[in-house]
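Below is one structure, written out as structure tokens, with a few remarks after it.
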There are 2 protein chains.
Amino acid sequence: MATIYEVSKLANVSLATVSRVMNGNTKVSDKTREKVLSAMRELGYRPNATARSLASNRTDTVGVLVSELNGAFFGEMMAGIEQELRLADKHVIITTGHSEEEKEKDGIEFLLSRNCDALILHVEGVSDEYMIELSKGKVPVYLVGRNIEQISENCISLDNEYGGYLATTSILAQGHKEIAYIAGQQFKPDAIERFAGHKKALSEAGVELNQSLFFEGDFKETGGAAGIKALLATGIPFTALVCANDEMASGAMKYAREHGIDLPKDLSIIGFDNVIFANYLYPKLTTVEYPIFEMGQMGAKLALREVYGKQDVYVKQVFSPQLKMRDSTLPV
Amino acid sequence: MATIYEVSKLANVSLATVSRVMNGNTKVSDKTREKVLSAMRELGYRPNATARSLASNRTDTVGVLVSELNGAFFGEMMAGIEQELRLADKHVIITTGHSEEEKEKDGIEFLLSRNCDALILHVEGVSDEYMIELSKGKVPVYLVGRNIEQISENCISLDNEYGGYLATTSILAQGHKEIAYIAGQQFKPDAIERFAGHKKALSEAGVELNQSLFFEGDFKETGGAAGIKALLATGIPFTALVCANDEMASGAMKYAREHGIDLPKDLSIIGFDNVIFANYLYPKLTTVEYPIFEMGQMGAKLALREVYGKQDVYVKQVFSPQLKMRDSTLPV
DNA sequence: TTGTAGGCGTTATCAG
DNA sequence: CTGATAACGCCTACAA
């Protein structure tokens with residue numbers, strides 16, 4: 001593989017000049033540039049990323065951590081991040097945290113060990129304090145899908161509480177009063193906030209929250225099925241079921257149908273996220289849209305602007321959820 | 001950040017010895033090792049991955065290219081790859097090819113520019129010839145989900161034709177004779193092979209293939225909807241619909257239902273892949289299982305064995321699909 | 001605008 | 001088993 005040295009010899013210029021042509025920072029005369037470029041072509045020269053990193057102290061690599069690589073939600077998020085970064089010629093190195101504190105920390109360490117220029121994280125297990133501490137480190141850290149007051153300038157977040165509020169409000173507007181709820185793990189900020197929105201909507205409407213109709217799920221299909229099973233087992237009637245995400249809603253729908261519940265007539269179900277398959281379920285799932293693709297993009301843009309000095313990229317940091325009315329909810 | 005140099009000074013040994021302790025290849029006396037290790041601890045030393053790469057000509061990084069980052073299928077594949085590689089302390093850098101020849105080539109270039117130690121690809125747009133040529137290069141290339149005869153020792157693949165055969169055979173076994181087909185893009189090997197299996201099953205059963213009941217989709221929900229729409233528009237009756245993947249099946253199901261078709265009574269639909277949501281559709285989708293998570297793992301293992309010299313890892317290269325009988329297909 | 005020279009932090013090759 | 005020392009390929013003051 002040709003090195004910069006051979007190029008400089010062939011082009012009859014110094015190493016520095018070749019470097020300048022590559023990087024385009026400094027001025028180089030057109031004639032010189034041409035000489036260099038043609039030498040590069042002739043040798044099929046390709047810069048060595050590693051050497052470049054060592055000398056420049058930049059790797060052009062952004063580390064990304066998500067809870068899971070499968071799952072519709074994270075897929076969209078990664079797609080948004082990758083698209084943006086790739087356009088800017090930055091490499092994405094990816095790893096998972098599985099929503100567990102220790103694994104998330106390991107994952108972050110793992111990314112840091114690679115000398116990433118920046119980190120974009122979707123973490124659910126680690127504490128705010130940990131993140132604040134991490135942010136003081138040398139490597140800039142950006143958070144997608146989570147807002148931490150003290151480092152909010154590094155966060156891209158959704159107003160989850162409002163989303164939860166929207167969901168339940170729409171259910172209430174359809175006249176439901178007996179409403180069950182399947183939540184996400186209550187250590188996850190998303191889950192907590194959505195549930196807070198739910199409670200707020202109820203209280204505003206003067207509807208009492210029935211603790212027996214609350215189930216803590218896990219944001220997965222199976223959790224949704226387990227949830228509705230438990231809720232039905234209470235024997236307490238309910239006409240609507242609010243799920244903290246679409247996966248659980250789909251699990252609940254499946255279970256309900258298998259147990260003779262006629263959807264949506266007997267039971268209205270609403271989800272959260274609006275992942276792609278929500279629209280392909282039957283009945284089509286009413287849900288709250290979480291613009292995670294765009295939020296992923298924004299996380300990437302934030303990094304591009306702050307770390308790589310891309311000026312004038314617009315970054316929106318706080319997103320608002322939106323209700324997607326479909327067929328899985330019906331007036332009581 | 002402490003460097004190896006400071007460690008060597010504190011431990012009173014040479015750079016080389018510190019390096020040996022880190023890498024554990026060469027023998028170092030226990031006493032020396034302890035000295036070095038404690039010096040490392042004291043300084044909070046962490047090796048610089050970049051410098052290490054430059055000197056060793058290894059990056060401990062594997063480049064992965066998939067068509068899309070969203071999508072249930074690719075999510076599983078990446079999860080399998082990442083899990084395996086992470087366990088072996090290898091970093092995964094990921095990018096997309098969007099099933100287009102040029103973009104795939106760009107993506108591969110992009111990964112190569114990062115000096116990956118190996119590439120694991122799921123490519124659909126590039127030709128066999130291109131891949132064979134690429135394999136002659138310096139960087140080992142492994143293919144998941146595609147088999148190319150000349151480089152089959154680097155491939156992890158599924159017997160797609162058999163899968164297609166299985167699907168249609170199961171439909172025929174239920175007495176269907178009027179069978180429509182929604183295929184994937186006919187430049188993609190998967191799509192071609194599955195369809196070949198379909199034809200084989202038909203011909204074995206003495207059922208004639210009706211060209212008018214063939215539609216070339218795009219492996220996406222929307223393509224499935226467009227497909228069934230076109231098929232219905234022919235006016236030719238059919239009692240079963242074979243889709244080349246689950247996404248299209250789900251799109252077709254949605255469209256069918258919206259147009260008054262009673263599933264599965266009026267129409268049996270079968271998919272391919274067995275992505276997670278197949279089981280949450282209504283009716284639950286009969287499909288052919290594609291063990292892509294495991295295949296991703298195998299791709300990673302192959303790389304670990306061949307590139308990183310991990311002995312004795314067992315690698316299975318050819319997988320067999322399996323029929324998943326569910327509720328979306330019914331005897332005629 | 002261009003060239004020179006000293007790093008960047010490790011690994012690897014030799015000796016010892 | 002351990003130590004010097006030259007790479008590794010490029011960047012970046014600084015000088016010209």
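- For the pair Leu15(B) CG and dG9(C) C1', the interatomic distance rounds to 9 Å; values are reported in whole Å.
- Taking CG from Leu143(B) and CD1 from Ile156(B), the interatomic distance works out to 9.5 Å, rounded to the nearest 0.5 Å.
- Using a 4.0 Å cut-off between a side-chain N of Lys or Arg and a carboxylate O of Asp or Glu, Arg146(A) and Asp128(A) qualify as a salt bridge.
- Rounded to an integer number of Å, the gap from Ile4(A) CD1 to dT12(D) C1' is 12 Å.
- Residues of residues 37-50 of chain B having a heavy atom closer than 4.0 Å to DNA chain C, listed by number: Tyr45(B), Arg46(B), Pro47(B), Asn48(B).
- To the nearest angstrom, C1' of dG9(C) lies 15 Å from NZ of Lys9(B).
- Between Glu109(B) and Arg86(A), none of the side-chain N atoms (NZ, or NE/NH1/NH2) sits under 4.0 Å from a carboxylate O, so this pair counts as no salt bridge.
- For the 3.5 Å distance criterion, the side chains of Thr96(A) and Glu82(B) qualify, holding a donor opposite an acceptor.
- If you check every strand for non-hydrogen atoms under 4.0 Å, Ser19(A) touches a base.
- A donor-acceptor contact closer than 3.5 angstrom is absent between the side chains of Thr50(A) and Ser53(A).
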Identify all pairs in which a protein N or O lies below 3.5 Å from an N or O of nucleotides 1-3 of chain D, and state each distance.
{"unit_1": "dT2(D)", "atom_1": "OP1", "unit_2": "Ser29(B)", "atom_2": "OG", "d": "2.9"}
{"unit_1": "dT2(D)", "atom_1": "OP1", "unit_2": "Thr32(B)", "atom_2": "OG1", "d": "2.3"}
{"unit_1": "dT2(D)", "atom_1": "OP2", "unit_2": "Ser29(B)", "atom_2": "N", "d": "2.9"}
{"unit_1": "dG3(D)", "atom_1": "OP2", "unit_2": "Ser14(B)", "atom_2": "N", "d": "3.0"}
{"unit_1": "dG3(D)", "atom_1": "OP2", "unit_2": "Ser14(B)", "atom_2": "OG", "d": "3.4"}
{"unit_1": "dG3(D)", "atom_1": "OP2", "unit_2": "Thr17(B)", "atom_2": "OG1", "d": "2.7"}
{"unit_1": "dG3(D)", "atom_1": "N7", "unit_2": "Arg20(B)", "atom_2": "NH1", "d": "3.2"}
{"unit_1": "dG3(D)", "atom_1": "N7", "unit_2": "Arg20(B)", "atom_2": "NH2", "d": "3.3"}
{"unit_1": "dG3(D)", "atom_1": "O6", "unit_2": "Arg20(B)", "atom_2": "NH2", "d": "2.4"}

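- Note on Asn57(B): every side-chain N or O is 4.0 Å or more away from OP1 and OP2 of dT11(C).
- Residue whose closest nucleotide on DNA chain D sits further toward the 5' end, between Leu54(A) and Arg58(A): Leu54(A).
- A salt bridge links Glu34(B) with Arg41(B); the closest basic N to acidic carboxylate O contact falls under 4.0 Å.
- Stacking of Lys90(B) on the aromatic ring of Tyr308(B) is recorded, both the 6.0 Å distance cut-off and the 45° axial limit being met.
- Taken over five-pair windows at either terminus, the axes of the helix from dT1(C)-dA16(D) to dG16(C)-dC1(D) are inclined to one another by 30° (rounded to 10 degrees).
- For dG9(C), the OP1/OP2 oxygens have no side-chain nitrogen or oxygen of Arg52(B) closer than 4.0 Å.
- Atom OH of Tyr5(B) is separated from atom P of dT11(C) by 17 Å (rounded to the nearest Å).
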- Task: Apply side-chain contact (heavy atoms from CB on, under 4.5 Å) to Val18(B) and Tyr5(B), showing your working.
- Result: CA-CA 9 Å; Val18(B) 178; Tyr5(B) 183 71; over 6 Å; no

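- Under 4.0 Å is where a charged nitrogen must lie from a carboxylate oxygen, and between Lys136(A) and Glu133(A) at least one such pair does.
- Side-chain contact check for Ser99(B) and Gln185(B): no donor-acceptor pair (N or O, by modelled atom type) lies under 3.5 Å.
- A pairwise comparison of heavy atoms in Val126(B) and Lys105(B) identifies CG1-CG, 3.9 Å as the closest pair.
- Of all nucleotides listed (dG9(C), dC11(D), dT5(D)), dG9(C) comes nearest to the side chain of Thr3(B).
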